[in-house]
Q: 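Take this structure first; my questions come after.
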Amino acid sequence: MPNKIKSVRWTEDRSLSVVEGDALDPGPNELQIQVASVGVCGSDLHFFRGDFPPRPGIVPGHELAGIVSAVGSGVRRVSEGDLVAVEPLLRCGHCRFCLSGDYHVCSERGLIGENRDGGMSEYVNVPAITAFKTPQGVDAELGALAEPLACSVHGFAKAKVKSHETVFILGAGSIGLTALLAAKACGARAIILARHPHQQEAARRLGADEVIADNEAGESRLSELRKSQAIDVAVETVGGKGDTLLKAQLMLRPKGRLLLIGVFSIPNVSVNPLHLALREVELIGSMTYAASDGRADYEIALNVLSDYAEVARTLVTHRFQLDDVQQAFETALDKSSESIKVHLNPALQA
Ligand SMILES: [Zn+2]
Ligand SMILES: [Zn+2]
C-alpha cells in the first residue's frame, strides 16, 4: 500500500475535489479495502444537486467493493486478499434492534460515505462487520451492485412476494431495475413502468415480463391491468416529490400489498384511504437492508448477482476513473446520457 492515497472529498462549497491524503492503518476490528468499484447513488446526487448539504471533508461512496488490503486486530472472518462487498450501514451493535438483526433501524444508524469516509477513494477503512465475501462469479463491479439490489431484496422479503404472484414496479431507475432483478429472483411475474426509452430497453434486457411506457398507450394498459385485478404487489421506487405512491396503490387487487422503497423528499404524500380500507391493501415501508430473518439481505443480494451475473452487469452503463468524478456525477444526473448505474473504478488510476 502506498503512503499517499487519492480520495474524492466534499468541499466547504458543496463541490467534489480529488485530494491526496495519508493512508491509515485499519484500527481494531476494521479492514482496509483497496476499492475496485464504487457506484454513484441517487442519494449522492441529492448532495450534488444541493438538496441537502454534504459533510465537508467526507469521502462519498456507499456502494463499494474491493480487495482487503490490510486487517486490524481482532478481525477473523476475512483475510488480506479477499474480494468483499461492503454493506455500508453503521450501527451501535448493542441495542435491541441491532441484536435482532434489525440494525437498519438502530437509533445510531449511519452510513459509510456520509457519516464516515466512503468508497470514492483508492483505499478505505471500514468496520469488519460490514464486509461480505463475494460468491463465485461476482467481481467487484457486480459486488458494488449488491447495495441497491439489497434494498429490493429486503423489501420483497417484507412484502412476502411469492413465485406465482405478479409484481408491478413503478419506476425504472437503478432501484426500479434492481427491484426487477429481485422479482425475477423470487420467480414472480414482473411488470415495470419505465419513463425513458433506455430504461425500457434495460428492463427488457433484465427479463421484465412486460414493460409499460409512461405515455397514453401505457395509461390504457395500466387501466386494463387494474380492471383485471392482475397486480398482487405494487412497488414504488421513484420517491422524490411526486404522486407515485398513490399511482402504485391504485394498481392493486383487493388484499394486495403496496411496497414503498423509493425515498420521498417531502413529508406528506397521498394515499387513497377508502381504496386502502375497502380493499384491505397493506402498506409496507422498507428501508435499506438488514438481517431480520436470520440471514443478511446483502448475502442474498450477492447470490442473486451470482445467478444473474450477465444481465446484472448491463446495469452498469458508465465507468470513470477517480479523477473524473465530476463527469461521473454529471453523467449520473443527466438522463440524456442514458446512464443507469455510473461507477468509479479507483483501481484504474495510475
Ligand atoms: Zn445507494
Ligand atoms: Zn443499535
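Indexing begins at 1, ligand by ligand and atom by atom, following the structure's order. This structure is a prediction, so every number in the text was calculated from the model and none was measured.
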Q: Regarding C41, does it place an N, O or S atom less than 2.8 Å from the Zn ion (ligand 1)?
A: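 Checking the Zn ion (ligand 1) against C41, an N, O or S atom does fall under 2.8 Å.
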Q: Angle at the Zn ion (ligand 2) between SG of C106 and SG of C98, to 10°?
A: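 Taking the Zn ion (ligand 2) as the apex, the two atoms subtend 110°.
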Q: Taking 4.0 angstrom as the limit, do R313 and D139 come out as a salt bridge?
A: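 Between D139 and R313 there is a salt bridge, with a charged N closer than 4.0 Å to a carboxylate O.
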Q: Are any of the side-chain nitrogens in E165 or R253 under 4.0 Å away from the carboxylate oxygens of its partner?
A: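 Between R253 and E165 there is a salt bridge, with a charged N closer than 4.0 Å to a carboxylate O.
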Q: Have Q136 and S306 got a donor and an acceptor in their side chains that come within less than 3.5 Å?
A: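 No, S306 and Q136 have no side-chain donor paired with an acceptor closer than 3.5 Å.
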Q: Relative to the Zn ion (ligand 1), which of the N, O or S atoms in E147 is the closest?
A: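 In E147, the heteroatom (N, O or S) nearest the Zn ion (ligand 1) is OE1.
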Q: Surrounding CD of E108 (heavy atoms of other residues, nucleotides or ligands, distance under 6.0 Å), is the total greater than 12?
A: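 Count not over threshold, so no.
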Q: Please confirm if an N, O or S atom belonging to H94, backbone or side chain, lies less than 2.8 Å from the Zn ion (ligand 2).
A: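 Here the distance criterion (N, O or S atom, under 2.8 Å) is not met by H94, so no.
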Q: Could you identify the N, O or S atom of H62 positioned closest to the Zn ion (ligand 1)?
A: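 So the atom name we want here is NE2.
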Q: Looking at E63, which of its N, O or S atoms is the nearest one to the Zn ion (ligand 1)?
A: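 It is OE2, the N, O or S atom of E63 closest to the Zn ion (ligand 1).
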Q: Between D102 and R96, does at least one N-O distance fall below 4.0 Å, as a salt bridge requires?
A: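 Not counted as a salt bridge, because no side-chain N and carboxylate O are separated by less than 4.0 Å.
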